[in-house]
Amino acid sequence: MKHIMSFGILASTVLAFASPVLAQTVFVSTQLRPIEEATVVREELLKDVGAVDYVVEEPPQFAVRMEAERQAGKRTVSLVGALHGELSPLADKDTLEPLDDLATKLAASGMPQSLLDLGKLGKFTQQYIPWMQATYVMAAKKEALQYLPDGADVNALNYDQLIAWGKNMQEATGQPQIGFPAGPKGLMARYFQGYFYPSFTGGVVRTFQSADAAAGWEKLKALWTYVTPNSTSYDFMQEPLAAGEVMVAWDHIARLKNAISAAPDDYVVFPAPAGPKGRGYMPVVAGLAIPKGAPDKAGAEKIIEHLSMPETQLLTASKVGFFPTLSVKLPPDLDAGVALLAGAVTATQASKDAVISLLPVGLGDKGGEFNKVYMDSFQRIVLQNEPVADVLKAQGATMAKLMTDTKAACWAPDAKSDGPCPVE
């Protein structure tokens, strides 16, 4: 599951619907947003399904657009592609067409029932069709392996071993060799929500200001000694990896793919490290849904069926690094870089100490504010060296207000809540 650049073209889509000759099926997506990925969607993944206007939107703008069209009672969008947590608010307002017939057909084609059940979003009918899935992993240049601490298994690292590895690399090369995507458009917030917090606290919201969280932040400060300061400018880790600026990096598989596919023999790809509570990881599931009142429901269904075909799912994996939701065997001639990434995803899912952290659910258009709580904490604790307890108390209050305002219930790995998820 799973990026950048938003194109607001509401006016052009309205004009398109003014004439049947120009009419297109408008497909709005929060996924595959970078220009190179969007180009693959337009020119390759959708080339055989007729006239489709593929529009990319940042998640906050997507939420605003969908709500504005709902309130106006007039749809320009026929198909949406978004993450599980981004589609949940639409289902909560009963604005998505049920897709049970499509779900039945795809179940027969090999889509796991567990994934299809996710697409019901807690309702009795199918709200979205799982489109593609992804997660986040670590990648390293093979030359970095010589600096692994004694006894460390790259596929089962813990944080102490990652810190020791970073220390060894820095002492040998004179430079910090670990990188994170902590730039303005990087996905660092997902690191905290899906990896760091679950690994150290076993939760995400409830445990935000706990003693376990404080201990985790101290450990991250120790790790950051061996992280390049340029991380605060990195949005995609494939670029600094390929340029030789870092030897070890964490990022979304789609944001590592280009470097690894360009030189697969130069890399190893492996799960993120484990903390005291286990090996946190965030499965990313993107789905396809049809808004009620869609001007071209038939066209949207045709696109969903096309994107769910085995050959299209495999092409998606090969071209953009998001993996199939169908149970299809990856072909032996699959891009070697994608095969490496697939192996790391499998290793992560199969980890005995895995702690699954779902993407945030129920925040509506406040997802950016939720991310900001973690990024502000990171800025203040790690980059500005403010006292951990003081920062967590202040940011915990912000988090608690956000949960109360949105009425968002807890999601895994936090224990379920009656009402807003509490910061304990």
Side-chain angles (χ1 to χ4, degrees), residues 3-33 38 41-42 46 49-102 119-123 125-131 285-307 359-370 405-408:
H3 299 322
I4 325 177
M5 300 180 72
S6 176
F7 303 100
I9 63 166
L10 187 56
S12 64
T13 49
V14 170
L15 285 173
F17 281 108
S19 166
V21 177
L22 298 175
Q24 294 178 306
T25 307
V26 179
F27 177 6
V28 174
S29 176
T30 65
Q31 302 304 291
L32 307 181
R33 295 197 308 269
V41 176
R42 295 181 183 114
L46 295 175
V49 288
V52 183
D53 187 4
Y54 181 72
V55 183
V56 294
E57 292 277 10
E58 294 276 3
Q61 286 70 46
F62 169 76
V64 169
R65 177 176 187 159
M66 298 310 294
E67 178 61 13
E69 292 199 4
R70 183 188 74 84
Q71 291 186 9
K74 181 173 177 57
R75 293 285 183 192
T76 64
V77 179
S78 291
L79 177 65
V80 294
L83 296 177
H84 176 91
E86 294 162 356
L87 292 169
S88 182
L90 305 185
D92 289 344
K93 292 178 179 176
D94 196 29
T95 61
L96 299 178
E97 289 278 2
L99 301 173
D100 297 273
D101 289 346
L102 272 175
K120 290 184 178 180
L121 290 167
K123 294 182 175 287
T125 57
Q126 195 75 32
Q127 300 295 296
Y128 73 78
I129 297 297
W131 173 20
V285 177
L288 298 165
I290 301 175
K292 285 185 176 177
D296 187 12
K297 181 183 174 185
E301 289 179 342
K302 182 181 176 184
I303 294 168
I304 293 175
E305 291 195 69
H306 175 76
L307 291 175
L359 282 160
V361 177
L363 298 174
D365 60 359
K366 302 290 187 182
E369 294 179 33
F370 183 72
D405 289 349
T406 60
K407 300 181 174 59

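Given the structure is predicted, the values throughout are model-derived calculations rather than measurements. Both backbone and side-chain heavy atoms feed into the values below; hydrogens, waters and symmetry mates do not. Residues take their numbers from the sequence shown, with the count starting at 1.
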From [X] [atom1] over to [Y] [atom2], what is the distance, rounded to the nearest 0.5 angstrom?
X      : Y      : atom1 : atom2 : result
Lys297 : Ser78  : NZ    : OG    : 11.5 Å
Tyr128 : Leu102 : OH    : CG    : 14.5 Å
Ile303 : Thr25  : CD1   : OG1   : 4.5 Å
Lys123 : Leu96  : NZ    : CG    : 9.0 Å
Leu46  : Asp53  : CG    : CG    : 10.5 Å
Asp100 : Gln127 : CG    : CD    : 8.5 Å

*Heavy-atom side-chain contact between Gln61 and Val28 under 4.5 Å*: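 Result no, sub-4.5 Å side-chain heavy-atom pair not found.
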*For the residue pair Leu288 and Leu79, establish whether any side-chain heavy-atom pair is separated by less than 4.5 Å.*
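Yes - at least one pair of side-chain heavy atoms lies under 4.5 Å apart.
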*Mind running side-chain contact (heavy atoms from CB on, under 4.5 Å) on Ile290 and Ile304 for me, showing each step along the way?*
CA-CA 9 Å; Ile290 301 175; Ile304 293 175; 4.0 Å; yes
Where do [X] and [Y] come nearest, in terms of heavy atoms and distance?
X     : Y      : answer
Gln31 : Ala286 : CG-CB, 4.0 Å
Glu97 : Pro291 : CG-O, 3.8 Å
Arg33 : Pro59  : NH1-CD, 3.5 Å
Val56 : Ala38  : CG1-CB, 4.4 Å
Leu87 : Ala82  : CD1-O, 3.6 Å

_SB check Arg70 Glu67 (cutoff 4.0 Å)_ =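 A salt bridge is present here (some side-chain N lies under 4.0 Å from a carboxylate O).
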*More than 12 heavy atoms of other residues, nucleotides or ligands under 6.0 Å from NZ of Lys292: is that the case?*
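Buried by this count: over 12 neighbours within 6.0 Å.
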*Please step through side-chain contact (heavy atoms from CB on, under 4.5 Å) for the pair Met66 and Leu90, ending with a clear verdict.*
CA-CA 8 Å; Met66 298 310 294; Leu90 305 185; 3.9 Å; yes
*Before giving the answer on side-chain contact (heavy atoms from CB on, under 4.5 Å), spell out for Val55 and Arg65 the whole-Å C-alpha distance, their side-chain angles and the decisive distance to 0.1 Å.*
CA-CA 12 Å; Val55 183; Arg65 177 176 187 159; 3.9 Å; yes
*Could you check whether the rings of Phe27 and Tyr54 sit parallel, tilted or perpendicular, using 30° and 60° as the cut-offs?*
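Answer is perpendicular, since the angle exceeds 60°.
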*By side-chain hydrogen bond (donor to acceptor under 3.5 Å, both in side chains), which residues pair with Gln126, not counting sequence neighbours?*
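Scan of Gln126 (side-chain hydrogen bond (donor to acceptor under 3.5 Å, both in side chains), adjacent residues dropped) gives none.
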*With no hydrogens and no angle check, do the side chains of Ser88 and Glu86 hold a donor and an acceptor under 3.5 Å apart?*
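The criterion, which ignores hydrogens and geometry beyond distance, is not satisfied for Glu86 and Ser88.
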*Could you walk me through whether Phe62 and Val77 pass side-chain contact (heavy atoms from CB on, under 4.5 Å), step by step?*
CA-CA 11 Å; Phe62 169 76; Val77 179; over 6 Å; no
*Side-chain donor or acceptor of Glu69 paired with backbone N/O of Thr76 under 3.5 Å*: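 Checked: pair present.
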